[in-house]
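Letters go in sequence order (proteins before strands), and every chain restarts at 1. Just so you know, these numbers come straight off a predicted model, no measurement behind them.
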Amino acid sequence: MSKEIKRDLPILSLKIVMALTDLTARQIRYYEEKKLISYHRSEGNQRMFSLNDIDELLIIKEMIDSGENIKDIQAYRQKKTSSYQNTTFKTVSDEEARDIFRNEMMRYLEIGNNPLD
DNA sequence: CTTCTTACA
DNA sequence: TGTAAGTA
């Protein structure tokens, strides 16, 4: 049996996520509305989050705090999702994965979305 | 008590 | 984004 934690399992309540990310319920729901994050519901239409969701929320929070447009982040995620099929995977740690994701996000936001163009 | 949606400031 | 209102 694996001792690995299933980080993609939605088991966290909004309250916990708020405490873990320092985001308000309003912000989290807003990000969801803008499709900045994928979401899952459970009994009673309650939002449930996974550990991976926490990571993405933290990243998005940084993006927004650093003044990025909702639209750019949204565009990035759509592109990301649609190009997953023929991707070569290699084993990386969660920390590496988060780092890679953040860099990709940063790079994407810097290229082709420059207001000065 | 916690969360949800809708709507207004 | 915050918050009030009426629910589930």
Side-chain angles (χ1 to χ4, degrees):
Chain A
M1 265 151 257
S2 173
K3 292 191 299 183
E4 294 298 304
I5 295 177
K6 295 180 176 56
R7 296 165 194 285
D8 57 338
L9 273 177
I11 54 176
L12 280 36
S13 71
L14 180 63
K15 187 183 181 183
I16 294 176
V17 176
M18 288 173 69
L20 265 38
T21 63
D22 279 319
L23 288 167
T24 66
R26 186 77 172 83
Q27 293 175 303
I28 297 172
R29 293 181 186 124
Y30 183 68
Y31 298 164
E32 175 189 302
E33 180 187 305
K34 294 301 177 184
K35 292 195 286 293
L36 264 43
I37 57 174
S38 55
Y39 59 91
H40 351 263
R41 299 303 184 91
S42 73
E43 315 123 53
N45 198 39
Q46 301 289 101
R47 264 170 264 260
M48 297 298 274
F49 305 82
S50 68
L51 294 175
N52 286 330
D53 292 334
I54 301 293
D55 286 333
E56 296 209 12
L57 279 169
L58 290 174
I59 293 171
I60 291 171
K61 172 181 164 62
E62 288 179 45
M63 306 272 94
I64 306 252
D65 285 343
S66 63
E68 297 298 344
N69 303 307
I70 298 291
K71 206 169 183 178
D72 290 333
I73 304 175
Q74 183 186 72
Y76 174 82
R77 297 203 91 267
Q78 288 183 5
K79 179 184 177 185
K80 181 87 174 176
T81 302
S82 61
S83 61
Y84 251 141
Q85 309 219 332
N86 45 1
T87 300
T88 300
F89 295 98
K90 68 172 184 177
T91 304
V92 295
S93 68
D94 289 331
E95 192 172 340
E96 284 181 297
R98 284 192 282 272
D99 206 53
I100 291 172
F101 183 70
R102 171 159 38 71
N103 289 326
E104 268 185 66
M105 188 75 108
M106 290 299 194
R107 196 196 323 139
Y108 175 82
L109 292 171
E110 286 171 12
I111 301 174
N113 289 290
N114 196 316
L116 302 177
D117 286 349

Note: for A/Gln46 and A/Asp65 on DNA chain C, the residue whose nearest nucleotide lies more 5' is A/Asp65
Distance in angstrom units between A/Ile28 CD1 and C/dT1 P, rounded | 11 Å
Can you check whether A/Arg29 has a side-chain N or O nearer than 4.0 Å to OP1 or OP2 of B/dC4?
-> yes
Report yes if the side chains of A/Glu68 and A/Met105 come closer than 4.5 Å at any heavy-atom pair, otherwise no.
-> no
How many Å lie between CG on A/Leu14 and P on B/dT5, as a whole number?
-> 10 Å
OP1 or OP2 of C/dT1 sitting under 4.0 Å from any side-chain N/O of A/Gln27?
-> yes
Sub-4.5 Å side-chain heavy-atom contact between A/Leu23 and A/Val17 | no
Would you say the side chain of A/Arg47 lies within less than 4.5 Å of the side chain of A/Arg29, judging by non-hydrogen atoms?
-> yes
Give the rounded distance in Å between these two atoms: CG of A/Leu12 and C1' of B/dT2.
-> 15 Å
Between A/Glu32 and A/Arg41, is there a side-chain N and carboxylate O pair less than 4.0 Å apart?
-> yes
A/Arg98 side chain reached by A/Leu58 side chain, heavy atoms, under 4.5 Å | no
Does OP1 or OP2 of C/dG2 have a side-chain N or O of A/Thr24 closer than 4.0 Å?
-> yes
Can you tell me if A/Asn103 uses its side chain to pair, donor with acceptor, with the backbone of A/Asp99 under 3.5 Å?
-> yes
Is A/Leu12 close to A/Leu51 at the side-chain level, that is, under 4.5 Å between some pair of heavy atoms?
-> yes
Rounding to a whole Å, what distance do you find between A/Tyr39:OH and B/dT3:C1'?
-> 16 Å
Whole angstrom is fine here: how far is it from CD in A/Glu33 over to P in B/dT3?
-> 19 Å
Can you figure out which of B/dT5, C/dT1, B/dT2 approaches the side chain of A/Asn45 most closely?
-> B/dT5
Could you tell me whether the side chain of A/Arg26 has a donor or acceptor atom within less than 3.5 Å of a complementary atom in the base of C/dT3?
-> yes
Nearest whole angstrom, please: distance from the P of C/dT3 to the CE of A/Met18.
-> 11 Å
State which of B/dT3, C/dT1, B/dT5 makes the closest approach to the side chain of A/Tyr31.
-> C/dT1
Intra- and interstrand pairs of DNA chain C - dot-bracket, Watson-Crick/G-U under 3.5 Å, | marks other strand | ||||||.|
Check the distance between B/dT5's P and A/Glu32's CD and give it to me in whole angstrom.
-> 7 Å
